[in-house]
Number of protein chains: 2
Amino acid sequence: MEKRTFKDSIYTAIAGLAKAFGNANRLEILDLLANGEKTVEQVATQTAITVANASQHLQLLKNARLVKSRREGNFIFYTINGKQAYTAWKALRELALAAEPAVQVTLRQYRHEAGSPESLTLDSLPGNDRALLLDVRPTDEYASGSLPGAVSIPIGELPQRLGELPRHLTIITYCRGPFCTFADDAVQLLKANGFDAVRLEETYLDHRLHNDESWKN
Amino acid sequence: MEKRTFKDSIYTAIAGLAKAFGNANRLEILDLLANGEKTVEQVATQTAITVANASQHLQLLKNARLVKSRREGNFIFYTINGKQAYTAWKALRELALAAEPAVQVTLRQYRHEAGSPESLTLDSLPGNDRALLLDVRPTDEYASGSLPGAVSIPIGELPQRLGELPRHLTIITYCRGPFCTFADDAVQLLKANGFDAVRLEETYLDHRLHNDESWKN
DNA sequence: AATCTATTCAATGATTTGTTTGAATACTTG
DNA sequence: CAAGTATTCAAACAAATCATTGAATAGATT
């Protein structure tokens, strides 16, 4: 094989993979599917695109091996495909967070307006006697994996279930990732009700990356 | 700020960054610039594209903050811009190596034809008494950083300088990255001249990622 | 078998991307 | 300041990408 042919086909193949990341809707889908499996319609609804469009993006992602699917009756459930797919998405995300002013500014502004300007990181987490870890994602996502010690109250049920939360602890909320707004909503609601609340920057996925030995394929 | 607006602008910005990776020529350029600074013309020559085309890709990469430039007289030198840019490229590359059959097959076939089908990894490296580490990149790239203990003989000079190499040691060659062919050429030449030679999978950059505290920006 | 539902397919037009070509610009050297 | 070199710019066309629309398919339910 010619050197030039070799390099061209290698780099073209990798560029094809990168192109799968090169669309806003697909990134949002990927972020969603990293937290658990979803049907095409769920994906479409939650990312605010049409079903046909979601289907097409999902197939492109599947061809790129970034997601996988399983059929259950009429429904087809899609999930992220393995650790490396998430690692690559995370590396891209962190690059953007570190170096892309547009991302930094938008995130800071949104969090500020949402009344959740500060956030904690996992290594600066207070002990169990000082804080309670609250997972505000939908229950199925919590069930498919969560941070150790976290309690689950989906954001939609939180207003009715405030009574379940201790008032002498700091409530530390988390959700799907840095661009998920559930945790911000939760902080806002909790603060409005007199709780001490703050958003956690990390999510279950970051924990899974280091601790889930089964996430190999 | 509306939730939808927030997510759209965040994901659009990150997708824009991903698009910078979504072109074969740009990936090859990035791989090249990760090993040291190069002028536009050098980039063009080594990646087999026109100067104008290289210039345009370089500017796009610069806008995406993946590379940076410095002027010296008539020349403008481009380099990769910091650790995170390389980390993201590496994550993408590893994802492709792990999951993209086209990449796996092409790489295996090329190495096979080039007479360099096996390779070592850093953690399986023999001791100094058994092996010699040979950096076959151009001298300026070696000068800008190399694996500890490595000896430099650029691939172009290797035929004339075989006499400098010890015949009782295994010669372990490395170059710019997994898709650089210098090390394969070196292995072929060395074997043809009776040496025991094998290609190293890792490069200086992988070492730098973990050991160069100055690679922060 | 007929109907219903979730998903995919196919075609369309608007937009973006990539390369080439030749001219323009920025800096250096004589 | 004129000539030379490296790089960038601008225009142009081909090709790829994206969202939308409406029809087609696969499986479940009746």
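Lettering of chains follows the sequences in order, A, B, ..., and the numbering in each one begins at 1. Basis for what follows: all heavy atoms, side chains included, without hydrogens, waters or symmetry-related copies. Quick caveat: nothing in here was measured; it's all calculated off a predicted structure.
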- Message: Using whole Å, what does the distance between atom C1' of nucleotide dT17(D) and atom CD of Q56(A) come to?
- Response: 11 Å

- Message: Rounded to whole Å, please give me the gap between NZ in K19(A) and C1' in dA16(D).
- Response: 7 Å

- Item | Nearest-Å distance for atom pair CG/C1', residues L60(A) and dT17(D) | 10 Å

- Query: Taking for each residue the nucleotide of DNA chain D bearing the nearest heavy atom, is the 5' side occupied by H57(A) or by R71(A)?
  - Reply: H57(A)

- Task: Indicate, with a heavy-atom threshold strictly under 4.0 Å, whether Q59(A) touches base, sugar-phosphate, or nothing.
- Result: sugar-phosphate

- Identify whether any heavy atom of Y78(A) sits under 4.0 Å from a base atom; if not, whether one sits that close to sugar-phosphate; answer base, sugar-phosphate or nothing. sugar-phosphate

- Message: Quick check for you: to the nearest 0.5 Å, what is the distance between N35(A) atom CG and I80(A) atom CD1?
- Response: 9.0 Å

- R70(A) CZ to dG27(D) P, straight-line distance once rounded to whole Å: 15 Å

- Along DNA chain C, 5' to 3', what are the outermost nucleotides having an atom less than 4.0 Å from a heavy atom of chain A? dT5(C) to dA10(C)

- dA11(D), dT20(D), dT7(D): which one has an atom nearest the side-chain heavy atoms of T50(A)? dT20(D)

- Message: Is any side-chain heavy atom of E28(B) closer than 4.5 Å to one of Q46(B)?
- Response: no

- Message: Once you apply a heavy-atom cut-off of 4.0 Å, does A54(A) come out as touching a base, just sugar-phosphate, or nothing?
- Response: nothing

- Is the closest basic N to carboxylate O distance between E118(B) and R199(B) below 4.0 Å? no

- Note on the structure: When rounded to whole Å, the CG to C1' distance for the pair L61(A) and dC18(D) reads 14 Å

- Would you say the side-chain atoms of R26(B) pair up with the backbone N or O of K19(B), donor to acceptor, closer than 3.5 Å? yes

- Starting from P on dT5(D), measure out to CD on E41(B) and report it in whole angstrom. 11 Å

- Thinking salt bridges, do D31(B) and K7(A) make one under a 4.0 Å N-O criterion? no

- Query: Does N53(A) have a side-chain nitrogen or oxygen under 4.0 Å from the phosphate oxygens OP1 or OP2 of dA19(D)?
  - Reply: yes

- Query: Charged N to carboxylate O under 4.0 angstrom, E113(B) versus R108(B)?
  - Reply: no

- Check whether any side-chain N or O of N23(A) sits under 4.0 Å from OP1 or OP2 of dC18(D), and answer yes or no. yes

- Query: So, are K3(A) and D8(A) salt-bridged, with charged N and O less than 4.0 Å apart?
  - Reply: no

- May I have the distance from F75(B) (atom CZ) to dT5(D) (atom P), rounded to whole angstrom? 11 Å

